[in-house]
Amino acid sequence: MKTRFFFILWLSSITASLLATDHTSYVNPFIGTQTDATGALSGSTFPGATMPQGMVQLSPETEHMVTWDPCSGYDYNRDSIYGFTHTHLSGTGCTDLIDVSLMPLSHEVRTTELRKGVFGQRYSHQAEAARPGYYMVDLQESGVRVELSATVRTGIHRYTFPQGAPQTVVLDLDRGTYRGEAYYTGRRAYQIIQSQLRVVDDHTIEGFRVITGWAKLRKVYFRAEFSRPFSRRLLMDGARSVGESPVVNGRSLRGALSFDPADGRQLTVKVAISPVDNLGARQNMKAEAQSWDFDHYAKAAHDAWQKALSCIDIDGTSEQKTIFYTGLYHVLMQPNTMSDVDGRYMDTNFEIKQMPRGETYHSTFSLWDTFRAAHPLYTLIAPDVAAQFVRDMVRHHQTYGYLPIWDLWGQDNYCMIGNHAIPVLSDAILAGLPGVNVEEAYQAMLESSTRSHLNSPFEVWEKYGYMPQTLQNTSVSITLEQAFDDWCVAAVAKKLGRTADYQRFLRRSEFYRNLFDAKTGFFRAKDEKGNWIEPFDPLSYENPSFIEGNAWQYMWFVPQNPKGLIELLGGERNFLKKLDENFSLTATSGEVNGNASGFIGQYAHGNEPSHHTVYLYNFAGRPHRTQELVEQVRSQFYNATPCGYAGNDDCGQMSAWYIFSSLGFYPFNAGAAEYVLGTPLFKRATLHLAGGRVFVITAPRKTASRVHVKRVLLNGKPLKQLMLTHQQIAEGGTLQFDM
């Protein structure tokens, strides 16, 4: 009886311990905010407050006008903050958003200072803190403590002013990205087209701004409510004050609001935003932010993140958990909510549409990056959310004519190449995600692969069987990536019994062969007559036929047919010799592309084209080498410090690589709903899947120095191939690595 009692007591303590695990305590939002000593790109993440897939991402900027590197606006190496704005991009290499800036001050602001509009204040990391859904900093010049939290569509500020000091809040609609030429176009610049500030009452300001930049046209509406009345206001458009007028229209709007310090030291501000209209901002505020209790919002945000992060439990060191859960946090930040609480959103035609009840529209689809691992991770751990992303992409196709390339604020900015919504849809369809209209999704894939558009001239593609550099820039990169997308269309066509489509797109998926030069052993550019374009230097990053990489890095992008690539290189022996050289050759030629970093030879983990390459040894009979490289990348290019990434996190792709690769498998062919095996980082990891199913990954003999895998068992039976399907994981069970 006593033995049974102690057993129950022990079991209860274990259960309580598991229930008490706070996954958010392992998240360090400062990871990825600093450039390391090598000068590689920072992770370009931000430390501010947001919710999973939140519309509001409330964070400070360490530049007055945000430029790039980091495009998030926050650089850990800088010592001043210029404002707290409500929208940001996480991990990107281009900047946009940075909307509706607030800055508290402990002095009265006059017209001369407001006209200048620069309110930078120094800060120290010793007086700064962040956790999921919460950010805090002490501003040195004003002595104000700033605390931030968020709901999905509302930013929550709490300012604690020095005792007896003047209390001012500057609301700036002119701050944001730098004013200049936009990325990837000479025909568009970052400019405010029109904006408005309107005093509703002595507690409330509403307004909007219409701005063009990386996204062609964005409308951002807001409603700001203050917990105490403002006793004085100053509204200006550039150098023009509007006196006592309650409204100001223009393109350089700022307002200074003064509060009576006798009413208390703390001031709470709630700012709801909407991409639709001011009514949307009001309704978002009413639905999400009626309380004035700041701690209530911080607790709710914590609970939302705890729920989101608890889909995976790992048995690792504190540092490993910090890297892992911070990575999961960075993945789950976006894609972002882009519909109001009433379901309205603005579509690609700039028309207001209504989502079906219970559905939410999303944007920020950084697809050239995230198709590789971030979207497959959503498919695995959050299939309902992943299915919603698919429906959102199909809606984009229905109004735009083809699937998104890089969708920002509901519009396409055409950043990068390929049509990589296609593998996201094929992965979802082949995985059997519920909630996906397969016929609609397939039609979107088909039309996106046949309707010519920017960087995708399909009549050229089918005529020549490759992209001639004389007709299409970055032709080699596009040829390789388009061939992969075509394989994804073929795979779905086969599943649906569309034989003619299957044969057509399977043939197109082999077009990569037409740019292989057996003499040099590389993929390289041809003109429309089939002649090789000279000169050719495989080490050069300045070759216009490649994008963000050189011929070495793009050599390996045939994830749809690695056996075909091995054959093309002359068999396994020759293939392995060249693959070994890829990881050992350190030579350079000319300037290295700024996006390339995290080098092992020519392998560049800091940018996406290399991400699958370490797993190629599996297909040539040397899985131990894959396992060694996976461990090298995990340990060398990830850490739990502000410079914890080897390059831009790119909306969670860098993080997703780590999550998969530490679990022991990776979506090598990201559109196939399957994974290749690597080597686990943890003795035990548990995936909590849809329908209450559990998938447990164990490696009982795993140690820091033991990376080679001798045998893998699925549900007690040895795996004959180094491969897992999505269905095998989704059904639940146990995967055991014998080390």
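These values consider heavy atoms only, across backbone and side chains, with no hydrogens, waters or symmetry-generated copies.
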Colleague: Can you tell whether the side chains of Glu351 and Arg395 come within less than 4.0 Å, N to carboxylate O?
Modeller: no

Colleague: Would you say the ring centroid of Trp487 lies under 6.0 angstrom from that of Phe505?
Modeller: no

Colleague: Between Arg344 and Asp277, does any side-chain N to carboxylate O distance fall below 4.0 Å?
Modeller: yes

Colleague: I'd like to know if Arg218 and Asp96 make a salt bridge, using a cut-off of under 4.0 Å between side-chain N and carboxylate O.
Modeller: yes

Colleague: Report yes if the distance between the aromatic ring centroids of Phe208 and Phe222 is under 6.0 Å, otherwise no.
Modeller: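 Between Phe222 and Phe208, which both carry aromatic rings, the centre distance is not below 6.0 Å.
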
Colleague: Would Arg524 and Glu534 pass as an ion pair if we require N to O under 4.0 Å?
Modeller: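 The answer is yes: the pair qualifies as a salt bridge.
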
Colleague: Taking all non-hydrogen atoms of both residues, which atom of His726 and which atom of Ala431 are closest, and how far apart?
Modeller: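 Heavy atoms of His726 and Ala431 come nearest at CD2-CB, 3.4 Å.
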
Colleague: Ring centroids only, cut at 6.0 angstrom: are Phe365 and His396 within range, meaning strictly under it?
Modeller: no

Colleague: Below 30° counts as parallel, above 60° as perpendicular, anything between as tilted: where do the rings of Phe516 and Phe523 land?
Modeller: perpendicular

Colleague: Against His612, only a single residue in Tyr666, Tyr675, Phe557 fulfils ring pair (Phe, Tyr, Trp, His ring centres under 6.0 Å); can you say which?
Modeller: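 Result: among Tyr666, Tyr675, Phe557, Phe557 is the only option passing the ring pair (Phe, Tyr, Trp, His ring centres under 6.0 Å) with His612.
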
Colleague: Quick check: closest heavy atoms across Met338 and Tyr345, and the distance to 0.1 Å?
Modeller: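 For Met338 and Tyr345, the tightest heavy-atom pair comes out as O-CB, 3.5 Å.
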
Colleague: Determine the minimum heavy-atom distance between Leu515 and Tyr466, stating which atoms define it.
Modeller: CD2-CD1, 3.7 Å

Colleague: Measure centre to centre between the rings of Trp214 and Tyr190, then say whether the value is under 6.0 Å.
Modeller: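 Between Tyr190 and Trp214, which both carry aromatic rings, the centre distance is not below 6.0 Å.
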
Colleague: Which heavy atom of Ala281 sits nearest to which heavy atom of Ser274, and what is that distance?
Modeller: N-CB, 3.4 Å

Colleague: Is the number of heavy atoms from other residues, nucleotides or ligands under 6.0 Å of Lys463 NZ greater than 12?
Modeller: no

Colleague: Counting heavy atoms not belonging to Lys578, are there more than 12 under 6.0 Å from its NZ?
Modeller: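 Yes.
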
Colleague: Classify the angle between the aromatic ring planes of Tyr400 and Tyr402 as parallel (below 30°), tilted (30 to 60°) or perpendicular (above 60°).
Modeller: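 Rings of Tyr400 and Tyr402: perpendicular, over 60°.
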
Colleague: Look up atom CD in Gln472 and atom CD1 in Ile417, then write down how far apart they are to the nearest 0.5 Å.
Modeller: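 If I round to the nearest 0.5 Å, the distance is 9.0 Å.
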
Colleague: Step by step, would you call Leu403 with Asn419 a side chain to side chain contact (heavy atoms under 4.5 Å, CB included)?
Modeller: CA-CA 7 Å; Leu403 290 163; Asn419 289 255; over 6 Å; no

Colleague: Strictly below 4.0 Å, N to O, side chains only: are Arg209 and Asp99 in salt-bridge contact?
Modeller: yes

Colleague: Check the pair Asp407 / Ser363 against side-chain hydrogen bond (donor to acceptor under 3.5 Å, both in side chains), numbers first and verdict last.
Modeller: CA-CA 6 Å; Asp407 182 283; Ser363 188; 2.3 Å; yes

Colleague: Assign the ring pair Phe637 / His605 to parallel, tilted or perpendicular, where the plane angle (0 to 90°) is split at 30° and 60°.
Modeller: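 Answer is parallel, since the angle falls under 30°.
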
Colleague: If you look at every heavy atom in Met65 and Thr177, which pair is closest and at what distance?
Modeller: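 So the minimum-distance heavy-atom pair works out to SD-O, 3.6 Å.
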
Colleague: Are the ring centres of Phe484 and Phe371 closer than 6.0 Å?
Modeller: yes

Colleague: Between Arg175 and Glu63, does at least one N-O distance fall below 4.0 Å, as a salt bridge requires?
Modeller: no

